[in-house]
Amino acid sequence: MAVVAAPRPLLGAVLLLFVSAAWGSAFPLMKDLIHRLPVEDLLAERYLLAALTLFLIKPGCLRGLSRDTWLNGALLGVMFGVGQVGQAMALGSLPSAVSGFAVGCSVVITPILSLVLFKDPVRRRVWAGVALAVAGMAVFTLVRGVEDRGISMLALGVTLTAAALYSGHTLLLGRLSERPTGFPAYALTVIQLFTIGVLTGGFAVRDGISVPVGPSDWTILLHLSVISCALGFLARSHAQAHLPAVPSQILMSTQPLWVAAIAVIWFHEQMGWSMVVGGLLMGGATLLALPSRSEARGKERRRLLFVARRRPRCSKATGSNARTRCASSAAWRRTSPRAPARTRPPVPGRPGRSREGRSRAWSG
């Protein structure tokens, strides 16, 4: 049986904040690139290059995988890929601020789905973090201004459906990471990135595929593929093994904060009151999303109890060395510390079994 490492919430939080920053850095870069490259073409090339990068780094990652791993990886890719296609299709009929807020509503949908589908209780502190995250997103998106464009209710519904798919993706990834039989994070990341690339590519080939033309555009595409997608998805897969799904979604909802920070630092945009207020709200949501020590210990105890219940039964084997043989493995395992070797007490008047004793007995 595979050994599952104990959860480390702080490591998971750091990885998810990196994911949020990596994905947040993609928005200002994509905003510039989509003027020269269609959105659907950019998405397809981005995910396919990300999958190819991870596969070339570790070519043997897909060997010997179980059928469940392939199915789960494909399902994760379909959920996220359909969400990306729906979001891209609805973007033309929605203001960007409304689209961003609707996608961010996944932070509310995730605990609701977790409660309805898996009966997982959500603590009040986590609900408070959800409320702060929603308020922060509203400040960053809606309060900062909405373009004078009509809002299509159909496009809004499609975007909210994409947000629900992102929530389902987070919940499924969290469930897979809790399996005591092992969690092939690298292989699952490669499979789902290939699946997302194929789905978005099928949406892009309708009008033909366009590629970047200049070195600067290729540099942006490589950043979007390697940093935002490849490393971002890989870090997220590892992070969710240390944090539950709902706190993970709260931490990933801080993307607007990173978008604003990058816009101020790199693109020299002015910092307004909405950035300050939204940043404080997002910071509070991040602190509330971190699980306490008692929650981490409780999760570890439940995991160890589950693993102990699933341990294969062992039957004792005959022999003087007191070894046991597991029914699920041909390897021998010791079930007790080795006892000291028994020695027969010497008999008075009889030579020992050593060479020296035998020589004395022969000479006598």
Intermediate values then yes/no, side chain to side chain contact (heavy atoms under 4.5 Å, CB included), Leu288 and Trp127
CA-CA 9 Å; Leu288 292 174; Trp127 279 115; over 6 Å; no

Derivation and outcome, side chain to side chain donor-acceptor pair (under 3.5 Å), residues Gln249 and Thr170:
CA-CA 7 Å; Gln249 192 66 52; Thr170 302; 2.7 Å; yes

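Cluster annotation: Val116 is connected to Val130 through the hydrophobic network of ILVMFWY side chains, with a link wherever side-chain heavy atoms come within less than 4.5 Å. Tracing side-chain contacts under 4.5 Å through hydrophobic residues (I, L, V, M, F, W, Y), one reaches Trp23 starting from Leu221; they form part of the same cluster. Under the 4.5 Å side-chain heavy-atom criterion for ILVMFWY residues, no single connected hydrophobic cluster contains both Phe203 and Leu43. Note on Val85 and Ile196: separate hydrophobic clusters, where clusters join Ile, Leu, Val, Met, Phe, Trp and Tyr whose side-chain heavy atoms are under 4.5 Å apart, directly or indirectly. Residues Trp70 and Tyr47 share a hydrophobic cluster, clusters being chains of Ile/Leu/Val/Met/Phe/Trp/Tyr side chains in contact below 4.5 Å.
From Leu222, atom CG reaches atom CH2 of Trp218 across 7.5 Å, with rounding to the nearest 0.5 Å. Here CD of Gln87 is found 11.0 Å from CG of Leu165. Values are rounded to the nearest 0.5 Å. With rounding to the nearest 0.5 Å, the separation of CZ in Arg236 from CG in Leu234 is 12.5 Å. Residue Lys58 holds its NZ atom at 11.5 Å from CZ of Arg63, rounded to the nearest 0.5 Å. One finds the CD1 atom of Ile209 at 6.5 Å from the CD atom of Glu45 (value rounded to the nearest 0.5 Å). The distance from atom CE of Met153 to atom CG of Leu160, rounded to the nearest 0.5 Å, is 8.5 Å.
With hydrogens and angles disregarded, no donor-acceptor distance shorter than 3.5 Å links the side chain of Thr110 to the backbone of Val107. Between the Thr159 side chain and the Val103 main chain, no donor and acceptor come within less than 3.5 Å of each other. No side-chain donor-acceptor contact under 3.5 Å links Ser228 to the backbone of Ser225. One N or O on the side chain of Ser177 and one on the backbone of Gly174 form a donor-acceptor pair closer than 3.5 Å.
When side chains are defined from C-beta on, Leu172 counts as touching Leu75, because their heavy atoms get closer than 4.5 Å. You'll find the side chain of Leu56 reaches within 4.5 Å of the side chain of Leu52, heavy atoms only. A heavy-atom distance below 4.5 Å is not found between the side chains of Leu76 and Phe80. Inter-residue side-chain proximity for Ile250 and Thr286 is flagged as unmet; no heavy-atom pair is nearer than 4.5 Å. Ser152 has its side chain within reach of Leu154: a pair of non-hydrogen atoms, C-beta onward, lies under 4.5 Å apart. Between Met89 and Val158, every side-chain heavy-atom pair lies at or beyond the 4.5 Å cut-off. In this structure the side chain of His238 never reaches within 4.5 angstrom of the side chain of Leu11, judged on heavy atoms. Inter-residue side-chain proximity for Met30 and Leu224 is flagged as met; some heavy-atom pair is nearer than 4.5 Å.
Between Phe55 and Phe194, the ring planes are perpendicular. Angles over 60° get that label, and only those under 30° would be called parallel.
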Which donor-acceptor pairs under 3.5 Å do side chains of residues 185-193 form with protein atoms, sequence neighbours excluded?
from: Tyr186; atom 1: OH; to: Leu54; atom 2: O; distance (Å): 2.7
from: Thr189; atom 1: OG1; to: Ala185; atom 2: O; distance (Å): 2.7
from: Thr189; atom 1: OG1; to: Ser237; atom 2: OG; distance (Å): 3.1
from: Gln192; atom 1: OE1; to: His169; atom 2: NE2; distance (Å): 2.8

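Taking every heavy atom of both residues into account, Met137 and Cys105 meet most closely at CE-N, 4.3 Å. Closest approach of Leu15 and Ala239 over heavy atoms only: CB-CB, 3.6 Å. When all heavy atoms of Ile109 and Ser167 are compared, the closest pair comes out as CB-OG, 3.6 Å. For the residue pair Leu287 and Arg125, the shortest heavy atom distance occurs at O-NH1, 4.5 Å. Between Phe183 and Leu176, the closest heavy-atom pair is CD1-O, 3.5 Å. Nearest heavy-atom pair across Gly168 and Leu113 is N-CD1, 4.3 Å.
With sequence neighbours left out, Trp258 forms a ring-ring contact (aromatic ring centres under 6.0 Å, His included) with no residue at all. Under the side-chain contact (heavy atoms from CB on, under 4.5 Å) criterion, Ser248 pairs with Leu16, Gln240, Leu243, sequence neighbours left out.
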